[in-house]
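Written out below as structure tokens is the structure these notes cover.
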Amino acid sequence: MLTSQQNRLYPDNLWVETPLIRSPHLSSHLQAEVYLKLETLQPTQSFKYRGITHYAQHALRTYGPDVHLVIASSGNAGIAAASAAKILKLRCTVFLPHGVSQPTIDYMRREGAEIVVEGNYYLQARKAAQKAIDADPKAVMVPGYDDPLLWEGHASLVHEVKQQLPAGTKPDAIFCSFGGGGLAGGIIVGCKAVGWDDVPLVTVETHGSNCFYQSLSLNDGPFVGDVASRPTPEGTTAEYNREHGVTVAHLAALTSKATSLGASSPSAAVVKMALEREGDIRSVCITDEMAMQAALNFAEDHKMLVELACSTTIAPTYKRDVFSKLVQMTGKVPTVVLVLCGGFKVSLNDMEDWRRAVAADIATGGDWGVAYNGETFTAPKLQ
């Protein structure tokens, strides 16, 4: 049921209100109340459908039915734009870097999108998209993650969560994965709108695709120690953003297999919002194998397949020692919400590949390294 505020913000929204379910498995495992916001059930299997359809509707109202939607994407954002364009009867062109899977390309084409493959990385595809926009007066760039209209659309999920939790319940933390910052930006905006600005936000990335973690390290904020004492990792450059007054990290290479988290730099505006919000930002980095193991465990427990960008969010809840560092376990039983961002990039073959990769990694012995707000610790592989 939409509230009057939601009706004003989203009068003709195309996304669906996704379920918020209590996970008996994770709740029992952690001795906490763990709720799952199932963005996997959006029409395109991803939260991105919210903000991108919101943006597309705004473009239609602003520029009329001849507007040409152009987007650069490595997958989920492009699918959302293609689907929105089909529903709204608009032209859409998706610029992709090389390496995007054929099923993803086929999906976009079935939705009527024109596909252009250009470059080896997202930023190269985006430069090609910008050239196309410069040459077409009817074209507009649909942002993948860095725009207030996107965040406003994504914020709708927080409005839903507030209505769906038991009456009077305020979460002790909200967990989400972080790629370029679109989802986190939406959660921050949504939390402020519903009076939850003080709720801690736990953002989870993988090593090798952690532009937000590295950006936080370059600014005064939640990390331990002084900024000057924190070394900039090899292959990372720091750039001061004058508009937002923050320093952001640019990663020279993305090595994580969680490709949907593959932004080389985050939204500077989201970095600023994160640093300035009342609630804590708890920034976490984990290994690919820990995310793979979580995807396998989640499929076994909940009978759902999720891609690595999504299981990254879940992974800390399968390790009690990790979870207890992120959420206070003293006093009352904590309530946490995991935003399952969803995503199209998962298959049964992927799950088998991940099972073999996790088994091989466990066979090498040792533990998995976890980084949290400037500190590091280990997580047992077999817990």
Side-chain angles (χ1 to χ4, degrees), residues 12-16 39-40 42-151 153-154 179-180 182-183 254 259-264 267 307 309 341-347:
D12 302 304
N13 63 280
L14 299 179
W15 63 82
V16 300
E39 290 301 287
T40 51
Q42 288 296 343
T44 59
Q45 289 86 54
S46 168
F47 80 95
K48 289 181 181 287
Y49 192 72
R50 291 180 185 268
I52 286 177
T53 57
H54 191 56
Y55 191 95
Q57 288 175 298
H58 173 79
L60 174 59
R61 289 191 298 268
T62 304
Y63 302 108
D66 291 334
V67 67
H68 175 195
L69 303 181
V70 176
I71 188 169
S73 170
S74 61
N76 291 311
I79 290 172
S83 180
K86 184 173 186 177
I87 292 171
L88 298 172
K89 297 180 172 56
L90 302 176
R91 182 185 174 195
C92 178
T93 302
V94 182
F95 283 78
L96 303 171
H98 288 281
V100 174
S101 70
Q102 193 61 45
T104 300
I105 294 173
D106 292 343
Y107 190 159
M108 295 178 193
R109 283 185 171 144
R110 286 196 301 271
E111 293 296 281
E114 302 165 45
I115 305 299
V116 179
V117 179
E118 186 76 33
N120 294 315
Y121 302 103
Y122 166 80
L123 286 179
Q124 293 170 328
R126 196 181 190 287
K127 287 181 180 177
Q130 187 59 56
K131 287 183 181 178
I133 287 173
D134 293 341
D136 182 353
K138 296 181 180 179
V140 297
M141 178 74 82
V142 179
Y145 57 82
D146 191 9
D147 191 275
L149 274 174
L150 283 185
W151 309 328
H154 298 331
L183 178 56
L254 300 168
T259 56
S260 290
L261 301 181
S264 57
S267 161
E307 67 168 74
C341 60
F344 182 72
K345 302 177 185 179
V346 62
S347 68

Closest contact, heavy atoms only, [X] versus [Y]:
X      : Y      : result
His68  : Asp136 : ND1-OD2, 2.9 Å
Leu150 : Pro143 : CD1-O, 3.2 Å
Leu90  : Gly64  : CD2-O, 4.5 Å
Phe47  : Gly182 : CE1-C, 4.4 Å
Gln57  : Leu14  : NE2-CG, 3.7 Å
Val67  : Ala59  : CG1-O, 4.2 Å

Steps toward side chain to side chain contact (heavy atoms under 4.5 Å, CB included) verdict (Thr44, Tyr107): CA-CA 10 Å; Thr44 59; Tyr107 190 159; 3.9 Å; yes
Would you check if the side chain of Trp151 reaches a backbone N or O of Tyr145 as a donor-acceptor pair within less than 3.5 Å? yes
Is a side-chain donor or acceptor of Gln124 paired with a backbone partner of Glu118 at a separation under 3.5 angstrom? no
Indicate yes or no: at least one non-hydrogen side-chain atom of [X] is less than 4.5 angstrom from one of [Y].
X      : Y      : answer
Gln42  : Val16  : yes
Val117 : Val100 : no
Arg91  : Glu114 : yes
Leu96  : Met108 : yes
Val140 : Leu69  : yes

Residues in salt bridge (Lys or Arg N to Asp or Glu O under 4.0 Å) with Lys127, at least two apart? none
Start with the C-alpha gap between Val142 and Ile52, add the side-chain angles, then the distance that decides, and say whether side chain to side chain contact (heavy atoms under 4.5 Å, CB included) holds. CA-CA 7 Å; Val142 179; Ile52 286 177; 4.1 Å; yes
Table please: side-chain donor-acceptor pairs of residues 71-85 below 3.5 Å, with sequence neighbours left out.
residue: Ser73; atom: OG; partner: Gly75; partner atom: N; Å: 2.8
residue: Ser73; atom: OG; partner: Gly78; partner atom: N; Å: 2.9
residue: Asn76; atom: OD1; partner: Phe344; partner atom: N; Å: 2.9
residue: Asn76; atom: ND2; partner: Ser260; partner atom: OG; Å: 3.2
residue: Asn76; atom: ND2; partner: Glu307; partner atom: OE1; Å: 3.4
residue: Ser83; atom: OG; partner: Glu111; partner atom: OE1; Å: 3.4

Rounded to the nearest 0.5 Å, what's the gap from [atom1] on [X] to [atom2] on [Y]? Could you check?
X      : Y      : atom1 : atom2 : result
Gln102 : Arg109 : CD    : CZ    : 6.5 Å
Tyr122 : Thr259 : OH    : OG1   : 14.0 Å
Thr53  : Leu60  : OG1   : CG    : 12.5 Å

Please report the C-alpha distance between Arg50 and Glu39 in whole Å, then the side-chain angles of each, then the deciding distance to 0.1 Å, and finally whether the side chain to side chain contact (heavy atoms under 4.5 Å, CB included) criterion is met. CA-CA 9 Å; Arg50 291 180 185 268; Glu39 290 301 287; 2.7 Å; yes
side-chain contact (heavy atoms from CB on, under 4.5 Å) with Gln130: which residues, sequence neighbours excluded? Arg126, Ile133, Asp134, Met141
